[in-house]
Number of protein chains: 2
Amino acid sequence: MHSVSSPLPPPEAGSDSPSAPLDTRFLESLIGYNARRAALAIIGPVLQRLAPFELRVVDFSVLTVIAHNPGVTSRQVCAALDILPPNLVGLVRALEQRGLVEKRDHPRDRRAQGLYVTAVGAQVQARAQAAVGAVESSDLTHLDAHERATLIRLLRKIYLGPEA
Amino acid sequence: MHSVSSPLPPPEAGSDSPSAPLDTRFLESLIGYNARRAALAIIGPVLQRLAPFELRVVDFSVLTVIAHNPGVTSRQVCAALDILPPNLVGLVRALEQRGLVEKRDHPRDRRAQGLYVTAVGAQVQARAQAAVGAVESSDLTHLDAHERATLIRLLRKIYLGPEA
DNA sequence: TATTGTTATACTCTATAACTATA
DNA sequence: TATAGTTATAGAGTATAACAATA
């Protein structure tokens, strides 16, 4: 087949203006692109606030689900947070070794174990939750309360569907 | 110090109602949590649409920036897409070996190279862009045009600041 | 036969150090 | 001295297969 060749040299945006911003308009028109960038922009400050507690975002998420759902099983945590069972094992074990979480026999299913926060774990979770919550309502998001509510409603519509 | 112990046994949400949904209300109140889940919900359909072109999201992003900015340098692509230079090398090399992208000497900086799409690369990019764009405006997002515009405006405000 | 929790492992993604050629 | 592109490599994150104990 014939090769399609450009008869004229193309414009050279990169070399013509080395300091000019690139054209990324198409990517910026995509919800996925903007949602990912926004999530990454928020995660930085959240990481900072969680650092004093020696928790990453995933650790905080697991600890929070356990704190708010005493006796929850590993499989339930996996389903709620989209974590694969083999990958949860190490997360829970680390929280357990730090004395924040403990396992107890499940009352009606001897295969399963109920997960509980310890008294220390409950304190750490509550303080970490306050720190994380403070980021979201701070100026770091550049949004007022109404904008935040609108944003969350629209985001939930995307991953839960129109009926949510 | 005294240990803070619960005088009463805690409720057992996990074991009491095994099929009941967990309490994840706090996480659901966070912008970061919702933005990440929305981004993950969108990326699935996008991956499907890109699969026929044998492009992942990152490949499509790089190809698109090059197509829209002929002569762009590697460093500029890295800055625009938040990719570290060592990690871009393999991406560009793969696109180059598939005949979608080519490097040419930079006219004024012999250290740098200008990146260009080939004629085939331009065709592939244009068709992939149409496929990706169709996902966003489809029912898959559960949003109408006005909601989509509002959502993108609020997301941009988060990562660009209030003046954007 | 299906499910819970687990081990081992592989694969991808992201990050750091250091080198060369050039500015 | 600083920057563009590159190599090698380390680490985190995510994925599959398979097992013992129990339903």
Side-chain angles (χ1 to χ4, degrees), chain A residues 12 14-15 18-19 22 36-37 39-40 43-44 47 50-51 54-62 65-66 69 71-97 101-116, chain B residues 14-15 18-19 22 32 36-37 39-40 43-44 47 50-51 54-62 65-66 69 71-97 101-116:
Chain A
E12 302 196 355
S15 51
S19 62
L22 298 187
R36 185 164 181 279
R37 288 206 55 171
L40 290 174
I43 210 173
L47 283 176
L50 285 177
E54 296 183 82
L55 294 172
R56 296 164 301 165
V57 172
V58 63
D59 300 316
F60 170 72
S61 301
V62 171
V65 168
I66 296 173
N69 300 275
V72 69
T73 67
S74 289
R75 294 308 262 236
Q76 287 178 303
V77 175
C78 286
L81 297 178
D82 253 313
I83 298 173
L84 291 171
N87 298 330
L88 184 69
V89 174
L91 299 175
V92 170
R93 179 152 45 209
L95 294 173
E96 207 181 353
Q97 287 173 346
V101 161
E102 65 182 19
K103 297 175 181 173
R104 302 187 205 155
D105 290 346
H106 193 284
R108 283 182 307 283
D109 187 338
R110 280 190 300 170
R111 292 172 305 182
Q113 304 165 67
L115 297 171
Y116 298 83
Chain B
S15 50
S19 60
L22 297 187
R36 186 165 181 280
R37 288 206 54 172
L40 290 175
I43 211 174
L47 284 177
L50 285 177
E54 295 182 84
L55 294 172
R56 296 164 302 166
V57 172
V58 64
D59 301 316
F60 171 71
S61 301
V62 171
V65 168
I66 295 173
N69 301 273
V72 69
T73 68
S74 289
R75 293 310 262 233
Q76 288 177 302
V77 174
C78 286
L81 296 179
D82 252 313
I83 297 173
L84 291 171
N87 298 330
L88 184 69
V89 175
L91 298 175
V92 171
R93 178 152 44 209
L95 294 174
E96 209 181 352
Q97 287 173 345
V101 161
E102 65 181 20
K103 297 175 180 174
R104 304 187 203 154
D105 289 347
H106 194 283
R108 285 182 306 282
D109 187 338
R110 280 189 299 169
R111 294 173 304 181
Q113 304 164 65
L115 298 171
Y116 299 84

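Residue numbers begin at 1 in each chain, while the letters A, B, ... track the order of the sequences. Keep in mind it's a predicted model, so treat the numbers as computed, not measured.
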*Asks:* Below 4.0 angstrom from OP1 or OP2 of D:dT6, is there any side-chain N or O of B:Lys103?
*Replies:*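 Affirmative; the distance criterion is met.
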*Asks:* Starting at CZ of B:Arg56 and ending at P of C:dT12, how long is that distance when rounded to a whole Å?
*Replies:* 8 Å
*Asks:* Figure out the CD/P separation between B:Gln113 and C:dT22, and round it to whole Å.
*Replies:*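 Value for this atom pair: 12 Å.
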*Asks:* With the side chain of B:Arg93 defined as its heavy atoms from C-beta on, choose the nearest nucleotide among D:dG5, D:dT7, C:dT4.
*Replies:*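 Out of D:dG5, D:dT7, C:dT4, the nucleotide with an atom closest to B:Arg93's side chain is D:dT7.
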*Asks:* Check each of A:Leu81, A:Val62, A:Val77 against A:Leu91 using the side-chain contact (heavy atoms from CB on, under 4.5 Å) test, and report the only one that passes.
*Replies:*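 So the option named by the test is A:Val62.
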*Asks:* Could you tell me the separation between the CG atom of B:Leu84 and the P atom of D:dA4, rounded to a whole number of Å?
*Replies:* 14 Å
*Asks:* Between D:dA15, D:dT7, C:dT6, which nucleotide has the shortest distance from any of its atoms to the side chain of A:Asn87?
*Replies:*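 For A:Asn87, the side-chain atoms sit closest to D:dA15.
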*Asks:* Among the candidates C:dT14, D:dT6, D:dG5, find the nucleotide nearest to the side-chain atoms of B:Thr73.
*Replies:*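 The listed nucleotide nearest to B:Thr73's side chain is D:dG5.
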*Asks:* Select one nucleotide: of D:dA4, C:dG5, D:dG13, the one nearest the side-chain heavy atoms of A:Ala112.
*Replies:*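 Nucleotide nearest to A:Ala112's side chain: C:dG5.
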*Asks:* Do A:Asn69 side-chain atoms and A:Val65 backbone N/O form a donor-acceptor pair below 3.5 Å?
*Replies:* yes
*Asks:* Any side-chain heavy-atom pair from A:His106 and A:Thr73 closer than 4.5 angstrom?
*Replies:*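 Counting from C-beta outward, A:His106 and A:Thr73 do come under 4.5 Å.
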*Asks:* Whole-Å distance between C:dC13 C1' and B:Arg36 CZ?
*Replies:* 13 Å
*Asks:* Rounded to whole Å, how long is the line connecting atom NE2 of A:His106 with atom C1' of C:dT4?
*Replies:*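 After rounding, the reported distance stands at 11 Å.
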*Asks:* Could you tell me how far apart A:Gln76 (CD) and C:dT3 (C1') are, to the nearest whole angstrom?
*Replies:*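 My rounded result for the distance is 13 Å.
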*Asks:* Mind checking A:Arg110 for me? I need base, sugar-phosphate or nothing, with any heavy atom below 4.0 Å counting as a touch.
*Replies:* sugar-phosphate
*Asks:* How many Å lie between CG on A:Asp82 and P on D:dT14, as a whole number?
*Replies:*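 Answer to the nearest Å: 10 Å.
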*Asks:* Looking at the side chain of A:Pro86, which of C:dA8, C:dG5, D:dA8 is the nearest nucleotide?
*Replies:* C:dA8
*Asks:* Please determine, for the side chain of B:Arg111, which listed nucleotide (C:dA23, C:dG5, D:dA23) has the closest atom?
*Replies:*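 Nearest to the side-chain atoms of B:Arg111, counting from C-beta on, is C:dA23.
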*Asks:* If I take atom CZ in residue A:Arg75 and atom P in nucleotide C:dT4, what distance separates them, rounded to the nearest angstrom?
*Replies:* 5 Å
*Asks:* Taking the side chain as every heavy atom from C-beta outward, state whether A:Ile43 and B:Arg36 have any pair of such atoms under 4.5 Å apart.
*Replies:* no
*Asks:* Between A:Asp109 and A:Val89, which residue's closest nucleotide on DNA chain C lies nearer the 5′ terminus?
*Replies:*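 Its nucleotide being nearer the 5' end, the pick is A:Asp109.
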*Asks:* Are the side chains of B:Pro85 and B:Arg75 in touch, meaning some heavy atoms are under 4.5 Å apart?
*Replies:*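 A side-chain contact under 4.5 Å exists here.
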